[in-house]
Amino acid sequence: MATTKTKPAKSAKSAAKKSNSFLDAPINSKLSAEEKLALYRMVLGIRRFEERSLQAYNQGKIGGFLHLYIGQEAIATGIVSLMEKDDHIITAYRDHGHALAVGMSMNECMAEMYGKYTGCSKGKGGSMHFFAPDKNYWGGHGIVAGQTPLGAGLAFALKYKGLKGCALCFLGDGAVNQGAFLETLNLAALWDLPVIFVIENNGYSMGTSLERSSAQQNLAHRGDAFGIEWEVCDGHDVFEVREVANRAMIRAREEVKPFILEIRTYRYRGHSVADANHMKYRTKEEIEEYKKNKDPINVLKAQLLADGTLTEEMAQSINQEVKDEAEASVKFAEESPYAPKSEIQTDVYWEVDNDTEGKLKGTYFFND
Amino acid sequence: MATTKTKPAKSAKSAAKKSNSFLDAPINSKLSAEEKLALYRMVLGIRRFEERSLQAYNQGKIGGFLHLYIGQEAIATGIVSLMEKDDHIITAYRDHGHALAVGMSMNECMAEMYGKYTGCSKGKGGSMHFFAPDKNYWGGHGIVAGQTPLGAGLAFALKYKGLKGCALCFLGDGAVNQGAFLETLNLAALWDLPVIFVIENNGYSMGTSLERSSAQQNLAHRGDAFGIEWEVCDGHDVFEVREVANRAMIRAREEVKPFILEIRTYRYRGHSVADANHMKYRTKEEIEEYKKNKDPINVLKAQLLADGTLTEEMAQSINQEVKDEAEASVKFAEESPYAPKSEIQTDVYWEVDNDTEGKLKGTYFFND
Amino acid sequence: MPLITYREALKQALAEEIERDENVCIIGEEVAEYNGAYKVTEGLWNRYGDKRLIDAPISEAAFSGLAIGASALGIRPVIEMMFMSFSYVAIDQLFNNASFCRYMSGGLMNLPIVVRGPANGGTNVGATHSHTPENMVANHPGLKVVCPSNAYDAKGLMKASIRDNDPVFVMENTILYGEKWEVPEEEYIVELGVANILNEGTDLTIVSHGRCAIISLNAAKKLKEEYDLSVEVIDLRSIRPLDEETILESVKKTNRVVLVEENKPFCGVDAQISHLIQFKAFDYLDAPVHRVSAIDAPQIYAKPLEDWQIPNEERIISKVLECIG
Amino acid sequence: MPLITYREALKQALAEEIERDENVCIIGEEVAEYNGAYKVTEGLWNRYGDKRLIDAPISEAAFSGLAIGASALGIRPVIEMMFMSFSYVAIDQLFNNASFCRYMSGGLMNLPIVVRGPANGGTNVGATHSHTPENMVANHPGLKVVCPSNAYDAKGLMKASIRDNDPVFVMENTILYGEKWEVPEEEYIVELGVANILNEGTDLTIVSHGRCAIISLNAAKKLKEEYDLSVEVIDLRSIRPLDEETILESVKKTNRVVLVEENKPFCGVDAQISHLIQFKAFDYLDAPVHRVSAIDAPQIYAKPLEDWQIPNEERIISKVLECIG
Ligand SMILES: Cc1ncc(C[n+]2csc(CCOP(=O)(O)OP(=O)(O)O)c2C)c(N)n1
Ligand SMILES: Cc1ncc(C[n+]2csc(CCOP(=O)(O)OP(=O)(O)O)c2C)c(N)n1
Ligand SMILES: [Mg+2]
Ligand SMILES: [Mg+2]
């Protein structure tokens with residue numbers, strides 16, 4: 001029923017050596033200039049969007065939590081760029097990058113953070129709960145690892161319907177210690193579900209370093225316990241992410257099997273903006289070091305300048321465009337209304353919202 | 001903090017080859033004749049006790065569930081025989097063998113199954129929930145794997161108090177797929193807790209064979225995912241169980257680290273007596289085969305006859321004695337009263353039962 | 001009409017819906033090859049095979065969440081909790097994901113799953129296996145819950161629940177599985193949110209649900225015979241949505257109410273029903289709303305004591321007499 | 001008396017009990033080196049070290065169960081749920097093991113653990129992070145639950161809970177962490193099961209708990225000023241055990257009650273209180289028991305809408321006026 005043999009880890013590192021750059025890998029070399037620029041626009045757009053949202057948060061215009069993806073942009077950008085019609089994606093609360101990558105507008109995302117009626121969830125979900133089913137994006141989930149069984153469920157549905165797609169289920173390095181995820185690994189392997197668990201390993205779960213949360217820190221290796229193949233790679237080079245993820249996605253679609261992809265990355269900001277503490281549990285040097293050598297935007301920019309796809313001028317204008325777009329989204333959000341109070345009790349039950357003839361009997365809500 | 005390297009599996013098999021029998025292993029060879037006979041009396045006592053309880057169950061005198069340990073007796077008997085003052089034990093609902101092994105009387109156990117006031121839990125817990133804290137036995141738990149975090153907790157307490165003991169936490173091959181257990185493995189390794197997870201692998205979780213419940217069937221290997229050392233052995237020879245468990249227990253006490261011990265065994269009866277189905281999911285041959293070659297009682301008897309500890313006559317009388325004891329426990333149970341109705345609401349809150357002066361304010365129970 | 005068991009009625013509902021809609025599948029422990037721990041799915045695996053009946057490992061959180069995720073893409077999974085008590089290891093998936101994803105997405109998705117399994121005591125299996133969590137389910141907006149008390153309702157409510165586009169919990173009862181009732185051969189549905197008056201009466205109203213409704217009906221018969229009391233017995237059938245109208249009409253007629261349920265009293269379903277009645281029919285009440293619930297303690301194992309702990313005719317009758325005063 | 005924050009009061013309680021009893025330790029995510037997600041344990045790790053303050057991975061089920069097992073051997077763990085909402089992944093450990101092991105062992109063991117953490121809405125974090133499960137906890141005999149509404153109670157109830165020999169849930173509130181109240185320097189305890197009358201009154205009684213008790217008190221002040229109504233405000237402090245006496249005495253004096261809580265209405269704590277009052281003070285009620293609860297829907301994210309969804313002065317005042325009629 002389920003595969004019990006696992007091939008040894010193929011680290012993307014080695015693959016990297018074969019070519020002097022992941023840019024030369026077929027999946028990347030075939031990219032048109034437009035497509036490469038689109039990748040650049042995306043990583044930059046996510047960065048500028050979140051920087052602007054941080055500003056709004058600090059001005060007290062956005063409340064609740066704000067978990068920034070800054071530093072990890074190449075992962076969602078690279079993987080989503082490989083998605084086909086029947087591929088689906090789901091992630092945790094650090095979900096802005098994935099949202100923009102699948103094509104959600106800055107307007108609906110910013111408005112959602114503001115809690116406005118024009119937000120992607122009408123202001124009902126907030127920063128941690130973005131959804132775009134029409135773009136195969138199933139959220140945006142606030143409970144650590146709570147999305148992982150759902151990700152397996154998306155894969156289950158694809159297999160059940162005979163569709164040739166895969167489910168991309170993102171989680172963090174701290175989420176790997178939730179029972180729901182570990183149970184799901186066994187289920188996905190036992191039932192041969194085409195789901196790829198993408199562990200965005202940024203080294204910390206809030207203020208807890210990987211060493212203090214996992215007894216054995218090669219997280220992808222956990223796949224061995226359930227007969228799931230895995231691979232580990234770095235997340236700062238969008239082309240490396242694409243090269244490795246592409247193989248995993250093809251395998252999931254073709255062989256209809258789960259896979260674990262651990263991607264080493266780093267978050268520049270605190271766990272959430274409320275995390276004033278993040279200079280205490282890691283050094284300034286550690287952060288600067290990563291920014292200097294592995295910033296996903298700089299790394300991509302350098303490659304595109306080198307291969308002539310990009311010029312400094314183009315970079316400037318793209319930067320200006322996404323900045324303007326982010327600025328416009330703030331204006332949009334601020335000018336948008338909140339939902340009317342009556343909306344508090346809509347979107348609770350499908351049957352109520354659709355007032356299905358004859359079907360709607362009894363009381364659904366219980367305030368005096 | 002936690003160990004990340006794991007030694008390769010040392011299968012007891014290999015160890016076995018070194019000596020022609022586990023009986024020659026130091027931990028066993030040092031046993032006195034009395035001690036060996038006590039082991040024999042125990043495996044036989046558990047068998048006869050459960051056979052008698054089955055009879056009572058079939059006569060409708062015992063209700064609810066009855067999960068028989070028949071076929072697995074050598075495991076609890078062997079491991080409990082190694083327990084020292086500060087070692088503690090906890091298991092699931094298939095808990096009669098462990099109960100008798102720690103020294104609980106057939107009377108209190110049979111009476112508990114009958115639901116009588118004289119039962120070990122006053123008839124409040126039943127067959128799945130035997131407890132004997134005075135014998136370091138912490139149950140008897142009905143929710144699959146629900147006892148595993150508690151087992152780690154016992155080990156945590158030992159370490160916290162600086163006591164040199166270990167916690168023995170038993171679970172089944174189906175329980176390994178519960179999130180609570182998998183989370184606990186990481187916690188036990190991360191915090192270096194002296195807990196030994198004893199997986200009694202009898203090949204089935206109810207009607208589901210190991211192949212259909214776990215994607216990767218070398219259950220002990222899951223320890224590798226968390227940096228926990230492990231070993232696999234057979235469970236039909238009490239001396240093999242003792243030899244292997246002894247090393248694990250010494251290691252846990254000395255090195256203060258967790259360990260996974262997977263013991264291959266077999267249950268002769270259905271999952272519970274209600275499981276009329278068990279001839280459907282496995283063949284009669286499979287059962288007979290095991291009974292013929294690996295019955296823990298026969299295997300032990302043969303060894304003790306061979307080394308002269310036991311004679312046929314002695315075997316006969318021991319058998320008679322435990323049979324009489326089991327019969328007497330039925331009489332005891334049948335003649336015992338049920339708890340008075342007033343007992344329904346005792347043992348809910350310690351503070352209520354002990355009516356702590358001044359402390360007991362407010363209403364604790366809410367029937368009209 | 002043929003007499004069939006509660007178990008058979010559930011099975012018919014599952015089979016009919018599996019045949020009606022290719023997206024309906026059943027997931028749970030021992031539901032397929034083993035034919036179900038309580039044989040509710042007996043024969044279905046033989047008939048419909050591996051795709052529609054799926055045996056799961058003992059991972060309730062994972063397969064509950066999996067079913068929720070699959071339902072987002074149009075699959076309509078019916079997951080079996082061997083005991084509803086085991087849903088306690090899957091509460092986050094059920095109470096956060098199943099109940100809130102629709103809301104948090106602003107209505108962009110809906111999750112048509114059914115969570116079914118026995119939720120009852122009285123079977124001598126102890127505290128961990130005797131939960132009746134319909135109150136906790138109903139506390140979470142986004143979820144629905146029904147408690148069929150007989151074969152007719154079991155089949156009709158199960159079919160309605162499977163066709164419902166929201167998550168629905170169907171609370172079954174192991175003690176009823178083997179009991180028989182008349183069930184029509186032609187297809188039918190029992191809509192959610194519609195209570196059933198089991199017995200018309202004028203002196204007092206008993207509101208109950210699940211197996212307690214049957215015990216209440218028997219108590220009502222005795223109360224008629226022995227005390228010439230005319231007791232109306234209402235079987236809620238559905239807890240959320242709730243048929244307030246039927247409850248209130250009855251109370252306005254009889255002016256006295258006794259609520260009977262198997263749950264522990266603190267915040268049991270009947271606490272809510274009690275509030276509802278005194279709030280919306282205050283002037284019609286000649287006596288306070290009385291309740292019969294399980295005696296407030298963990299479920300005891302000993303059979304005779306458990307039979308006393310959960311509502312029985314004797315306790316119901318004395319509570320009714322107390323309420324009539 | 002010095003003015004200190006609710007957060008500081010909790011920290012003092014934890015520190016004092018850690019020093020009083022070597023078996024008291026604190027386990028949870030980020031409680032040690034990070035000083036607590038909400039800084040309740042700030043400085044304690046520096047003071048008491050790795051043995052007494054233990055950072056846990058994100059495995060609530062495992063460390064809850066671990067604490068329960070350790071408590072069987074005499075350790076008195078205080079586990080922090082960063083949000084009480086996260087206890088949903090540990091419900092089986094908390095509702096089956098913590099609540100029932102004593103009973104199922106016939107009283108041979110007791111489990112002195114404390115489960116603490118914020119259980120409140122109003123912070124604009126959405127449905128999954130805004131649970132107030134005191135009703136579900138109290139539904140399970142064997143468990144106790146308290147909801148301090150101010151710094152004095154927070155310290156006194158926390159100390160009482162740690163010394164209590166049964167499992168106790170302490171429901172805190174992130175909105176109150178930063179607010180200040182007078183707290184004596186000398187040691188004191190607030191016993192479980194004793195309600196607190198925040199304001200004496202004669203026209204109507206408001207029964208509430210947690211932060212809602214404070215909002216109710218403010219509403220009562222306005223009702224005095226603007227409508228010259230004398231409203232008695234009772235802060236339950238402890239849900240289980242419950243101070244029925246104080247509630248009933250007040251109702252018998254004022255003859256009118258409004259219950260205010262933050263939970264969703266179906267089977268919220270106030271459903272139970274409502275039943276209790278109408279059952280035990282039926283003849284004293286001049287009007288039905290009224291309730292103000294969260295508007296029945298998953299917690300909404302948008303701040304102004306959430307502020308309307310949970311009880312606020314405006315909604316309480318209009319409900320009181322409605323009840324006075
Ligand atoms: C069950 C549960 N426990 C705790 C939390 C609080 N929490 C939110 S995010 C987080 C850290 C997760 O870290 P990681 O999985 O590495 O993801 P990252 O934040 O690094 O992206 C914690 C503890 C939660 N949301 N859910
Ligand atoms: C959480 C939970 N799910 C399901 C059950 C029902 N159940 C009881 S025992 C069992 C099989 C367990 O098999 P295994 O772990 O191999 O132990 P064994 O019975 O073989 O000793 C199941 C499914 C339960 N008690 N708890
Ligand atoms: Mg991380
Ligand atoms: Mg087994």
Side-chain angles (χ1 to χ4, degrees), chain A residues 88 90 112 119-126 128-129 131-134 138-143 146-158 160-161 167 179-180 182-184 186-187 190-191 193 345-354 356 358-366 368, chain C residues 23 25 51 54 56-57 59-75 77 89-90 92-93 96-97 99-112 138 141-142 144 160 163-166 191-195 238 240-245 272 275-276 279-280:
Chain A
H88 291 262
I90 187 168
E112 186 60 30
C120 47
S121 296
K122 305 181 188 171
K124 296 182 178 186
M128 301 193 286
H129 306 114
F131 291 82
D134 62 322
W138 299 98
H141 295 270
I143 300 299
Q147 77 280 11
T148 54
L150 272 57
L154 295 170
F156 177 92
L158 290 171
Y160 189 96
K161 295 182 164 188
L182 295 163
E183 286 186 2
T184 300
N186 181 59
L187 212 54
L190 192 64
W191 293 352
L193 303 178
Q345 289 184 305
T346 62
D347 302 322
V348 180
Y349 293 102
W350 187 94
E351 301 287 353
V352 174
D353 299 329
N354 293 276
T356 48
K359 229 178 173 183
L360 198 59
K361 300 272 174 76
T363 306
Y364 279 73
F365 301 104
F366 295 88
D368 283 0
Chain C
N23 288 317
C25 60
K51 183 176 182 183
I54 302 141
S59 307
E60 286 84 358
F63 71 72
S64 296
L66 178 142
I68 293 165
S71 73
L73 287 183
I75 308 302
V89 298
D92 173 61
Q93 290 299 319
N96 273 320
N97 289 343
S99 48
F100 298 161
C101 282
R102 172 173 179 75
Y103 194 75
M104 296 191 300
S105 69
L108 295 177
M109 61 201 281
N110 66 294
L111 304 166
K144 299 175 176 177
R163 297 181 190 191
D164 196 281
N165 286 310
D166 296 306
E191 293 171 330
L192 273 60
V194 183
S238 175
R240 187 166 189 159
L242 181 71
D243 185 349
E244 291 191 4
E245 218 175 292
Q272 183 66 29
H275 170 70
L276 168 77
F279 185 69
K280 297 192 174 173

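In the text below, chain A, chain B and the rest are named by the order of the sequence lines, each starting its count at 1. Worth knowing before you read on, the calculation uses all heavy atoms, side chains too, and leaves out hydrogens, waters and symmetry mates.
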### Message
How close do C:Ala62 and A:Glu183 get, counting heavy atoms only, and between which atoms?
### Response
N-OE1, 2.9 Å

### Task
Examine distances only and state if a side-chain atom of C:Asn97 and a backbone atom of A:Gly146 form a donor-acceptor pair shorter than 3.5 Å.
yes

#### Entry: Interchain contact, A:Asn186 with chain C, by part (heavy-atom threshold 4.5 Å)
side chain

### Message
So which residue, C:Lys280, C:Glu244, C:Arg240, ends up with the most heavy-atom pairs under 4.5 Å with chain A?
### Response
C:Arg240

### Message
Ignoring hydrogens, what is the shortest heavy-atom contact between A:Leu150 and C:Cys101? Give both atom names and the distance.
### Response
CD2-SG, 4.5 Å

### Query
Which value, rounded to the nearest 0.5 Å, describes the distance between A:Trp350 atom CH2 and C:Asn110 atom CG?
7.0 Å

### Query
What part of A:Trp138 lies closer than 4.5 angstrom to a heavy atom of chain C: side chain, backbone, both or neither?
side chain

#### Entry: Non-hydrogen atoms of C:Gln93 and A:Ala180 that approach each other most closely
NE2-CB, 4.4 Å

### Query
So what's closer than 4.5 Å to chain C heavy atoms on A:Asp353: side chain, backbone, both or neither?
side chain

### Query
Counting heavy-atom pairs under 4.5 Å to chain A, which of C:Leu108, C:Ile75, C:Asp243, C:Leu73 comes out on top?
C:Leu73

### Part of A:Leu154 within contact of chain C (heavy atom distance under 4.5 Å)
both

### Query
Once you round to the nearest 0.5 Å, how far does CG of A:Leu187 lie from CD1 of C:Ile54?
10.0 Å

### Query
Between atom OH of A:Tyr349 and atom CG of C:Leu192, what is the distance when rounded to the nearest 0.5 Å?
10.5 Å

### pair A:Thr363-C:Leu276: side-chain heavy atoms closer than 4.5 Å
no

### Message
Under 4.5 Å from any heavy atom of chain C, what part of A:Leu182 do you find: side chain, backbone, both or neither?
### Response
neither

### Query
Checking A:Thr148 against chain C: side chain, backbone, both or neither under 4.5 Å from a heavy atom?
neither

#### Entry: Value rounded to 0.5 Å, distance of CG in A:Asp134 from CE in C:Met109
12.5 Å

## Note on the structure
OG1 of A:Thr356 to CG of C:Asn165, rounded to nearest 0.5 Å, is 8.0 Å

### Query
Measuring heavy-atom distances to chain A, does C:Ala56 have an atom under 4.5 Å in its side chain, in its backbone, in both, or in neither?
both

### Task
Just give me the residue among C:Gly107, C:Gly65, C:Pro141 that pairs up with chain A most often, heavy atom to heavy atom, under 4.5 Å.
C:Gly65

### Message
Using 0.5 Å steps for rounding, measure from the NZ atom of A:Lys124 to the CZ atom of C:Arg102.
### Response
8.5 Å

### Summary
Greatest number of non-hydrogen atom pairs under 4.5 angstrom with chain C, of A:Gly153, A:Gly362, A:Cys120, A:Ala155, falls to A:Gly153

### Summary
Bottom line for C:Phe100: the part with an atom under 4.5 Å from chain A's heavy atoms is neither

### Task
Considering only heavy atoms and a distance below 4.5 Å, find which of C:Gly74, C:Ser64, C:Ala72 pairs most often with chain A.
C:Ala72

### Query
Passes side-chain hydrogen bond (donor to acceptor under 3.5 Å, both in side chains), C:Asn96 versus A:His141? Steps please.
CA-CA 10 Å; C:Asn96 273 320; A:His141 295 270; over 6 Å; no

### Task
Please look at C:Glu60 and chain A and tell me whether the side chain, the backbone, both or neither of the residue comes under 4.5 angstrom of a heavy atom of that chain.
backbone

#### Entry: Among the listed options A:Ile90, A:Ile143, A:Thr184, the residue most often paired with chain C at heavy-atom distances under 4.5 Å
A:Ile143

### Query
Who wins among C:Ile68, C:Asn23, C:Val89 for the most heavy-atom pairs under 4.5 Å with chain A?
C:Asn23

### Query
Would a 4.5 Å heavy-atom cut-off, applied to side chains only, mark A:Tyr160 and C:Pro77 as touching?
no

### Task
Answer yes or no: is there a side-chain heavy-atom contact under 4.5 Å between A:Tyr364 and C:Asp166?
no

